[in-house]
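Here's the structure, in structure tokens; my notes come after.
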Amino acid sequence: MKNLRNIFLTVAILLLTMIANGKVRVPHFFSDNMVLQRDMPVKIWGYAGKNEPVAVSLNGSVQKTTAGKDGKWSVELPAMTYGGPYQVRIDGRDNSIILDNVLIGDVWLCSGQSNMEFNLNGDLTAQEAIQNSANSNIRLLTIPKTIQTRECDNTEETTWMVCDPSTSANFSAVGYFFGKKLQEELRIPVGLINSSWGGTDIETWTSWEASMNNSEYAPFKGQTLENAIGYTSSDVERFKQALENDPALDAKWYDLSTKVKGWKKMQVPQAWNGDLENEDGIIWFRKEIELPADADGSAGTIQLGAIDDEDITWINGQQVGSMGLWIANRNYSITPGILKAGKNIIMVRVKDTGSTGGMFGVAEQLYFEVNGTRYPLAGEWDYKPSVLSSSFGFKAYGSGPNSFASLLYNGMIHPLVGYGIRGVIWYQGENNSGEAYRYRSLFPNMITDWRKQWGYEFPFLWVQLASFMALDDQPKDSEWAELREAQNMTLSLPKTGQAVITDIGEAFDIHPRNKKDVGLRLAHTAMNVAYQKDVLPSGPVFEEMKRDGNRMILSFSGTGEGLSTLDKNKYGYVNGFAIAGDDQKFVWAKAYLHNNQVVVFSDEVQRPVAVRYGWANNPVEINLVNSDGLLASPFRTDTWKGITEGK
């Protein structure tokens with residue numbers, strides 16, 4: 001603790017010295033290669049000595065100011081049309097900053113959870129897309145991940161990069177394809193800022209001020225976030241250092257010769273529970289398995305299901321695999337010479353940096369396979385923690401990004417407030433599916449919050465949840481359907497748009513690899529919402545339903561030149577409808593197009609009162625589109641209580 005205080009004291013002295021010496025500085029996101037927003041005043045800010053004069057020049061315009069007593073300064077340059085490259089020069093008393101290769105164009109903020117974070121190198125078209133990604137009119141900025149308990153003026157260290165194969169591969173795939181399409185259509189520079197974190201809730205992206213509109217956090221009104229949560233960013237940093245320096249790795253727990261005491265028992269697969277339920281950190285798992293004589297020295301595979309977040313896996317002291325993020329299924333090859341006849345020891349080091357940790361999946365996904373025989377691994381495992389968040393003061397809420405509201409907003413969004421943006425694209429919601437009814441207010445609250453922070457009503461576009469999980473044999477309630485409904489409801493806010501992607505989900509992978517079409521659909525929506533082009537903003541939108549005997553006649557807006565089906569079948573058959581009477585029991589329905597309407601019926605329901613379309617976790621088969629080929633969103637005509645209402 002004494003050393004930690006000394007570190008903080010040294011940092012504080014350095015900061016005071018920099019201010020006293022008058023070194024002009026700017027946040028990391030003001031850098032070479034940046035894109036500044038066209039057609040609106042350009043705000044640039046930074047730090048200098050107390051009362052130090054500062055001058056900023058760009059494209060023939062010069063603005064002067066004086067730093068305040070706190071060393072902060074800002075200038076506002078006049079609005080400029082697109083163009084460049086330019087140079088930004090910032091002059092202080094004792095030093096100057098030169099930012100080269102700066103463009104004026106449109107800047108879009110790309111945010112959300114893992115499907116926005118998903119890199120271009122994981123896309124189905126990755127090889128071709130990366131190879132052809134060189135474009136000096138597209139610039140990329142990735143905001144480093146950070147948890148902060150106070151609003152920050154700066155991000156962690158980062159810089160803008162010119163888009164090319166060396167920089168695009170590890171950038172957001174959705175963001176890249178979106179920006180590429182905009183640049184092709186508009187012929188102006190495009191800047192993309194990726195600020196996303198996989199597996200995160202919407203609450204952590206919302207400011208502390210706006211979180212008071214959330215009933216969960218309203219009781220903390222009048223308190224700072226740090227008072228409410230009971231720890232600070234310095235505590236988080238100490239925990240992060242412990243995660244990076246696992247003492248069990250140094251002690252070689254994975255080595256068969258290492259004697260480790262104090263193991264407990266846990267059933268696998270499952271999330272950490274009991275005493276570990278609110279813990280983040282590192283837990284080691286161990287299991288012994290007996291193999292027959294013919295397995296000795298054989299090659300094989302080990303499948304471990306889903307692990308949150310990271311793992312390193314050893315067999316008999318030999319590392320066989322590791323993955324650094326949440327993946328639906330771990331599947332590692334075992335090279336010849338590792339396995340033995342008789343007892344074999346599996347060791348899995350699981351690191352969870354936030355939210356719920358554990359080895360998930362279903363029992364059937366955990367097994368050895370050797371010489372064509374599968375050996376089940378589900379059941380009782382030994383476990384022992386090496387790093388736990390409770391040891392660093394995170395006893396009530398944990399230390400991860402979802403532990404409390406605003407923890408990601410503070411360090412990954414708030415520093416950018418004031419940096420001109422054309423709009424936002426957002427891909428998130430999977431993590432909030434269990435509270436879909438509350439998402440009806442959580443989502444518009446965050447959008448309104450961000451617009452308030454920036455001071456203007458920028459366009460906000462999002463991706464509706466993709467299809468996921470097994471197909472339903474019969475119609476039933478669905479958390480994911482209710483989350484999509486909450487997303488639909490948020491379209492009531494002005495300057496919003498949505499990309500429907502139920503046709504490109506993957507049943508057993510929450511991260512569908514077709515990100516190209518996601519980006520293109522967002523760009524199509526942007527053409528209408530942000531750029532007022534004469535295109536349809538979305539697929540058909542349900543407007544009205546009338547009953548005709550045992551049939552329901554549905555009318556839609558947003559049809560363009562008329563309704564159609566994705567497969568263009570000549571019968572006009574529409575998939576994905578269910579119908580119910582007063583008993584609220586839904587059955588699959590037949591549906592077809594007639595006079596630019598949809599007729600829905602079932603011989604099992606003689607007096608229908610409600611219809612649902614695509615109301616499932618995985619409505620991949622739905623096919624109703626408009627003349628632009630855009631899918632209709634899943635919807636329902638009833639208002640019966642859903643399964644997330646009241647949660």
Are W426 and I202 packed together at the side-chain level, in the sense that at least one heavy-atom pair is separated by less than 4.5 angstrom? yes
Of W205, Y439, W197, the residue whose pairing with Q428 passes side-chain hydrogen bond (donor to acceptor under 3.5 Å, both in side chains): Y439
Side-chain ion pair, K516 and E128, N-O less than 4.0 Å: no
If you measure only the distance, is there a donor-acceptor pair under 3.5 Å linking the side chains of N402 and T204? no
For the rings on F443 and W462, is their centre-to-centre separation under 6.0 Å? yes
Note, V162 side chain near R139 side chain (heavy atom, < 4.5 Å): yes
Shortest non-hydrogen separation from P444 to T490 and the atoms involved: CD-OG1, 3.7 Å
Considering all heavy atoms of both residues, which atom of Q37 and which atom of I421 are nearest to each other, and what is their separation? OE1-C, 3.6 Å
Can you spot which of D123, T125, N115 makes a side-chain hydrogen bond (donor to acceptor under 3.5 Å, both in side chains) with K515? N115
Return the orientation label for the F556 and F542 ring planes: parallel under 30°, perpendicular over 60°, tilted otherwise. perpendicular
Heavy-atom check, side chain of I147 versus side chain of L408, under 4.5 Å: yes
To check you understand the geometry: which heavy-atom pair defines the closest contact between P165 and I130, and what is its length? CG-O, 3.2 Å
Is a donor on one side and an acceptor on the other found under 3.5 Å between the side chain of T496 and the backbone of S492? no
Taking OH in Y571 as the centre, count heavy atoms belonging to other residues, nucleotides or ligands within less than 6.0 Å. Is the count above 12? no
Within-4.5 Å side-chain heavy-atom neighbours: R513 and F118: yes
Could you pull out the closest heavy-atom pair between A523 and F178, with the gap in Å? N-CD1, 3.5 Å
Backbone of V362 reached by a side-chain donor or acceptor of Q365 within 3.5 Å: yes
Verify the ring-centre separation between F577 and Y613: is it less than 6.0 angstrom? yes
Counting neighbours of OH on Y367 that are heavy atoms of other residues, nucleotides or ligands and sit closer than 6.0 Å, is the number greater than 12? yes
Quick one: are V348 and R330 in side-chain contact, heavy atoms under 4.5 Å? no
A side-chain contact here means heavy atoms from C-beta on lying under 4.5 Å apart; do W108 and L522 qualify? no
For a 4.5 angstrom cut-off between non-hydrogen side-chain atoms, does L493 reach F460? no
Report yes or no: does D280 contribute a side-chain atom to a donor-acceptor pair with the main-chain N or O of G400 at less than 3.5 Å? yes
What are the two closest non-hydrogen atoms of A210 and N445, and how far apart are they? O-ND2, 3.2 Å
Could you check if a side-chain atom of S538 sits within less than 4.5 angstrom of a side-chain atom of Q498, using non-hydrogen atoms only? no
Modelled atom types, side-chain donor and acceptor of T353 and D309, under 3.5 Å: yes
